[in-house]
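Down below is the structure, laid out as structure tokens.
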2 protein chains.
Amino acid sequence: MPFHPACHSYEPVTIADRLFLDLRRAILEGELPAGKKISEPELASIYGVSRGSLREAISKLENCNLVTRRPNIGARIVNFSIDQLMEIYQIREAMEGMAARLAAKNMTEPELSHLKTLVARHKDSMANLERPAKNDYSQDADLDFHFCIIQGSKNQRLLTMLCQDLYDLVRFYRMRLSPAFSSTAMQEHELIVQALERRDGEMAELLMRYHVRASRDRAKQRLEAMTPEELGNH
Amino acid sequence: MPFHPACHSYEPVTIADRLFLDLRRAILEGELPAGKKISEPELASIYGVSRGSLREAISKLENCNLVTRRPNIGARIVNFSIDQLMEIYQIREAMEGMAARLAAKNMTEPELSHLKTLVARHKDSMANLERPAKNDYSQDADLDFHFCIIQGSKNQRLLTMLCQDLYDLVRFYRMRLSPAFSSTAMQEHELIVQALERRDGEMAELLMRYHVRASRDRAKQRLEAMTPEELGNH
DNA sequence: ACAGATAGGATTGTCGACAATTTTATCTTG
DNA sequence: CAAGATAAAATTGTCGACAATCCTATCTGT
């Protein structure tokens, strides 16, 4: 499964839940194109469920900010916009900076060593591949890194806000960008881990904020280098 | 209407929307007590709507984090917990700090003068009342202040995340606290406005973070002074 | 008496049908 | 031909009924 389950790693016990996970995957993978209107009768017949269950699933997608709904008009898959992506990076800078500060204080030793092995593995996979394959797991490894620190903050609401409300959008946008593979980002990760090991919250926050800011700039550069066709294609 | 409409100031065009606003008000005012289980048949008959519409409204309440749902079991009004409130303050520190930084850059002049009059009015109402009445608008004025700055950040997603996902919870908890009325907070507001006028984003962020942190400490102190009965009462 | 099994009642999940609204296609008029 | 009104078609919102699941009270055996 190519998607980091994150907070949505529960067993889908109900039809609407299963449907939600299916649709979420379809949206993130681009099966359902960005900006497309969702036709309730059409999708319901495709998935072989009633419109009621479908509407419940759409509600959940709305929570993840993957679709927007307007009364009496319908639901649309969110649209790709560079400005919105930049907005998200600004929010991530603030929230993940705080997460890093808290993680420096609250992370357990096992969590820390898990994070270290994670970064080491990522480093290895970078060294072994000159140019990474398109489906290498460097992207997921990056998300794992951030997820790990957020979890280490021990702030439950921070975790759910980031994972439920923001990270699906991050995945949505990332899927539509050419794959990033920055050794600079790798080094930034290592610096953050060192600060966490020293339990230096102030420094961890500063480094995380710098890292998110730098990632935003790198994404912006890549986006501006892409042709309009590449942008619309996804 | 005693509730700051914030992002929910749209015209309720559908039954589920109207119901959502009604229930939201009922929860915030304490009509529906914290932690209580929501009985779908009961509420549906009380409000004279079908269970389907009610379920849609409950979904929206879940988005605002005012109720939690578990499959095949049901929905409950969120419960009051001091730790959760502290978590929220930590998130607010990060997000509103960023909002202040951005507002220093992006706020328009009309927005700035509106903010100034708002603070001035608040200051007057404080000078005229030795001890504020329980239903004075100092609490709403405080939220107005924060809302104004978030809006001035011109980061649309930051606005919706704070207003939709967090501020209803802030109101929920605030309703259940003895009214806060701090001249210290007032002075902190003034300092922030001055930084915004100077367009000093760095300073605005620092001051806002200090302000939220101090508010958190004041809330904690008040909470620890309250008796268990006062806490459970609401 | 108490722990676990069991049946009854109540609650939630799911569905199909109908009503209200929006969208589309057609027709009229300048 | 274009612009606006009008009717038909499609889509969304709402409802009540049935199925599946959970909760509760009773029963049984040790």
Salt bridge (Lys or Arg N to Asp or Glu O under 4.0 Å) between A:R171 and A:D168, worked out: CA-CA 5 Å; A:R171 291 189 189 89; A:D168 277 338; 3.1 Å; yes
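- Taking only side-chain nitrogens and oxygens, B:R55 comes nearer than 4.0 Å to OP1 or OP2 of C:dG13.
- What separates CD1 of A:I38 from P of D:dT11 is a distance of 14 Å, to the nearest Å.
- When rounded to the nearest whole Å, the span between CD of B:E62 and C1' of C:dT12 equals 14 Å.
- For A:P41, the side-chain atoms get nearest to D:dT11 when compared with the rest of C:dT11, C:dT14, D:dT11.
- Comparing A:I73 and A:V49 by the nucleotide of DNA chain C whose heavy atom lies nearest to each, the residue mapping closer to the 5' end is A:V49.
- For A:S39 and D:dA10, the shortest distance from a side-chain N or O to OP1 or OP2 is not below 4.0 Å.
- Taking atom CD on B:E42 and atom C1' on C:dT12, their separation rounds to 15 Å, with Å as the unit.
- Checked against A:H211 for a side-chain hydrogen bond (donor to acceptor under 3.5 Å, both in side chains), the options A:E93, A:E96, A:H146, A:R92 give a single hit: A:H146.
- Put simply, B:K37 has a side-chain N or O that comes within less than 4.0 Å of OP1 or OP2 on C:dT12.
- Within the model, atoms CD of B:Q151 and CG of B:D144 stand 10.0 Å from one another, a figure rounded to the nearest 0.5 Å.
- The distance between atom CG of B:L54 and atom P of C:dT12, rounded to the nearest whole Å, is 9 Å.
- With rounding to the nearest 0.5 Å, the separation of CG in B:L23 from CD1 in B:I58 is 7.5 Å.
- Note: CD1 (B:I15) to P (C:dA19) measures 14 Å, nearest angstrom.
- Candidate nucleotides D:dT11, D:dC15, C:dT14 were compared by shortest atom distance to the side chain of B:S53, and D:dC15 ranks first.
- For B:R51 and D:dA19, the CZ to C1' distance is 12 Å, given to the nearest whole Å.
- D:dG13 atom P lies 9 Å from atom NZ of B:K60, rounded to whole Å.
- In terms of phosphate contacts, A:R69 brings a side-chain nitrogen or oxygen within less than 4.0 Å of OP1 or OP2 of D:dG13.
- Mapping A:S50 and A:N72 onto DNA chain C via the closest heavy atom, the residue that lands nearer the 5' end is A:S50.
- A close approach under 4.0 Å does occur between a side-chain nitrogen or oxygen of B:T14 and OP1 or OP2 of D:dT14.
- Atom OG of A:S53 sits about 7.0 Å away from atom CD of A:E56, to the nearest 0.5 Å.
- Rounded to whole Å, the distance from CZ on B:R70 to P on C:dT12 is 13 Å.
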